[in-house]
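One structure is given below, encoded as structure tokens.
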Amino acid sequence: MTAARSNRGETAMTTRIGVLTSGGDAQGMNAAVRAVVRTGIHLGAEVYAIREGWQGAVDGGDGISRLDWDDVGSVLHRGGTVIGTARCREFRERAGQLAAARHLLEHGIDRLIVIGGDGSLTGTDEFRRNWPDLVAELAREGQITQEVADAHTSLMIAGLVGSIDNDLVGTDMTIGADSALHRIVDAIDTIASTAASHQRSFVVEVMGRHCGYLPLMAAIAGGCDYVFVPEDPPADGWEDDMCELLRSGRAAGRRDSIVLVAEGAHDRHGTPITATQVKDLLAERLGEDTRVTILGHVQRGGSPSAYDRWMSTLLGYAAVQEVLEATPDSVPHILGVRHNRIAQIPLVEAVQQTREVARHVERQDYEAAVTARGASFGEMLAVFERMSRPRRPSNPSRRRRGSRSSTPVVSRRA
Ligand SMILES: Nc1ncnc2c1ncn2[C@@H]1O[C@H](COP(=O)(O)OP(=O)(O)OP(=O)(O)O)[C@@H](O)[C@H]1O
Ligand SMILES: O=P(O)(O)OC[C@H]1O[C@](O)(CO)[C@@H](O)[C@@H]1O
């Protein structure tokens, strides 16, 4: 490898970086890809798109192609991912990973930037760990030369979290979460006007299979009445609690009621709570004219917010630096956001902590799940609780989750 120096004096090895988007698409992925390509070129590297997620690496051929500066023009404002994404089954198997390694090596790629959710990042780390063995097998079987094998003994990776769910522990925000939240809140505002006109109730299903970030933040931002999230199911008897809350809202003159249900919502015993079930309950018990709206993939579509564009640009920029500086001994990192700054987060740890939340939920240890999700998640639950439960002199507020009643949200200087 030869050292190259850009006109800004930045030094980089002449090397080839692969970039791919994997798992569910997310608004802002294009901004990240654009930043990777342009930063890579600035630093003297060649950047290759691996198309349709890991499928492009498994298939080879047109699945891997070089991107130049202009190839990523006019993509910043576009939703989705222009290099395609997929959930690729073959890559989970050794045969798929062998094919992927062979195709990457055909292009001399041994540095990868992967933009995807926790599954994609887990797969990336698994591939990194398997890489020496895969390369050795390819050389043994004569599928690559020993010279190629010797030149690419390690795979260097950097991860960016592309997922609207904002479900990765360790980063404050993931690529797409802000845009999806805007999309949901726009929908709630739209629904609220028709709900108020007819004095109806709406039950809105929001994405996030295992993570309550989107429904919870949308409930706060949209001024909703009740929210169901997977990490903090309502106490037993929630049916009475919810109906009483909505009934008292009506009695106080509220013209619309909106309940948000995460697609992965369930009660404290793990029994799913669906939007239709909530609708039927409101209709039966309160006689409410109730409608269900499932927002679905509308939440993932459309152009990215300004935040998702600039944040993803910074992340892509940082990811190139990370992957160029990485050595075979480096701890693999995710680039994320902490306290409004780009931060390096150990990949394995972040994925393990994220899985831990799901495990707590499975074990029905919801206090641990909320804690593991991160400090601000518990704070936001407490804030929602306060905002959605009217306190009137004649009607002292009844808390659903007593322990969070005085959760502080201000960080104090020591
Ligand atoms: N353990 C694994 N080993 C190898 N590859 C994996 C592994 N887990 C996931 N992948 C790869 O990553 C792809 C995407 O994973 P997954 O469907 O879990 O989505 P994700 O990245 O978590 O995104 P989203 O948040 O949108 O669900 C899989 O289809 C597969 O190609
Ligand atoms: O597009 P698909 O494959 O149906 O996946 C939907 C899932 O992907 C996400 O949008 C992102 O993880 C989830 O919120 C949702 O459950």
Side-chain angles (χ1 to χ4, degrees), residues 20-29 32 50-59 63 79-81 84-101 112-131 133-134 155 157 159-169 171 173-181 183-184 204-218 229-231 260-266 272 274-275 294-302 308 332 334 336 347-348 350-352 354-355 357-358:
L20 68 126
T21 49
S22 171
D25 67 339
Q27 308 95 326
M29 281 181 163
I50 296 159
R51 298 178 186 275
E52 322 304 339
W54 289 111
Q55 199 66 51
V58 171
D59 294 347
T81 161
T85 186
R87 301 188 198 274
C88 170
R89 277 200 192 170
E90 292 109 301
F91 187 72
R92 291 177 183 270
E93 310 297 331
R94 184 166 174 92
Q97 294 196 6
L98 259 181
L112 280 184
I113 296 174
V114 176
I115 309 167
D118 67 325
S120 303
L121 299 172
T122 304
T124 306
D125 190 54
E126 197 181 297
F127 188 45
R128 178 192 69 88
R129 281 186 281 111
N130 291 343
W131 180 271
D133 207 37
L134 296 168
L155 180 71
I157 59 170
L160 297 183
V161 197
S163 171
I164 63 165
D165 295 351
N166 202 21
D167 56 352
L168 204 100
V169 175
T171 180
M173 283 301 270
T174 58
I175 292 172
D178 183 65
S179 305
L181 190 53
R183 214 70 80 229
I184 299 165
V204 181
E205 188 191 285
V206 174
M207 270 188 172
R209 275 168 300 186
H210 309 293
C211 180
Y213 174 86
L214 287 176
L216 176 59
M217 300 307 272
V229 297
E231 300 90 335
L260 297 192
V261 182
E263 60 178 343
H266 49 80
T274 66
I294 296 175
L295 296 180
H297 290 77
V298 163
Q299 296 161 90
R300 272 196 352 220
D308 271 325
I334 287 168
L347 187 150
V348 176
V351 167
Q352 273 171 0
T354 301
R355 301 262 149 111
V357 179

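Excluded from the calculations below are hydrogen atoms, water molecules and symmetry mates; all remaining heavy atoms, backbone and side chain alike, are included. When a ligand or atom number is given, it counts from 1 through the structure's own listing order.
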[atom]: the protein heavy-atom neighbour that sits closest, reported with distance to 0.1 Å:
| atom | result |
| --- | --- |
| atom 12 (O) of ligand 2 | D165 OD2, 2.8 Å |
| atom 11 (C) of ligand 1 | W54 CD1, 3.9 Å |
| atom 5 (O) of ligand 2 | R87 NH2, 3.1 Å |
| atom 4 (O) of ligand 2 | H297 NE2, 3.4 Å |
| atom 15 (C) of ligand 2 | E263 OE2, 3.1 Å |
| atom 29 (O) of ligand 1 | C88 N, 2.7 Å |
| atom 19 (O) of ligand 1 | R87 NH1, 3.0 Å |
| atom 10 (O) of ligand 2 | R300 NH1, 2.8 Å |

(request) Check each heavy atom of E126 against ligand 1 and say whether those closer than 4.0 Å belong to the side chain, the backbone, both or neither. (result) side chain
(request) Quick one: look at R209 and ligand 1, take heavy-atom pairs under 4.0 Å, and tell me if it's side chain, backbone, both or neither. (result) side chain
(request) Kindly determine whether E231 and Y213 satisfy side-chain contact (heavy atoms from CB on, under 4.5 Å), including the steps that lead there. (result) CA-CA 10 Å; E231 300 90 335; Y213 174 86; over 6 Å; no
(request) Rounded to the nearest 0.5 Å, what's the gap from CD1 on I113 to OG1 on T124? Could you check? (result) 11.5 Å
(request) Look up atom CD1 in I175 and atom CG in D25, then write down how far apart they are to the nearest 0.5 Å. (result) 12.0 Å
Considering non-hydrogen atoms only, spot the tightest contact between [X] and [Y] and give its length.
| X | Y | answer |
| --- | --- | --- |
| M207 | Q299 | N-OE1, 2.9 Å |
| L20 | I50 | CB-O, 3.5 Å |
| A350 | L168 | CB-CD2, 3.7 Å |
| A262 | P230 | CB-CD, 3.8 Å |
| S120 | W54 | O-NE1, 4.2 Å |

(message) Please check if the number of heavy atoms outside R94 that lie under 6.0 Å from its CZ is greater than 12.
(response) yes
Quick one: which ligand 1 atoms are inside 4.0 Å of a heavy atom on [X]?
| X | result |
| --- | --- |
| G117 | 20 (P), 21 (O), 22 (O), 23 (O), 25 (O) |
| G123 | 2 (C), 3 (N), 4 (C), 5 (N), 6 (C), 7 (C) |
| S22 | 12 (O), 13 (C), 14 (C) |
| S163 | 25 (O) |

(message) I want to confirm something. Looking only at heavy atoms, which of S120, C211, G53, G162 is nearest to atom 12 (O) of ligand 1?
(response) S120
(message) If the contact criterion is a heavy-atom separation under 4.0 Å, does Q55 count as touching ligand 1?
(response) no
Going by distance only, is there an N or O of [X] that falls short of 3.5 Å from an N or O of ligand 1?
| X | value |
| --- | --- |
| G119 | yes |
| D165 | no |
| G24 | yes |

(request) For S22 and G116, indicate whether the former's side chain and the latter's backbone hold a donor-acceptor pair under 3.5 Å. (result) no
(request) Can you sort out which atoms of ligand 2 are near G208, meaning under 4.0 Å from one of its heavy atoms? (result) 14 (O)
(request) If the plane angle is over 60° it's perpendicular, under 30° parallel, otherwise tilted; pick one for F91 and F127. (result) perpendicular
(message) Can a side-chain donor-acceptor contact be found between D308 and Q27 if the only test is distance below 3.5 angstrom?
(response) no
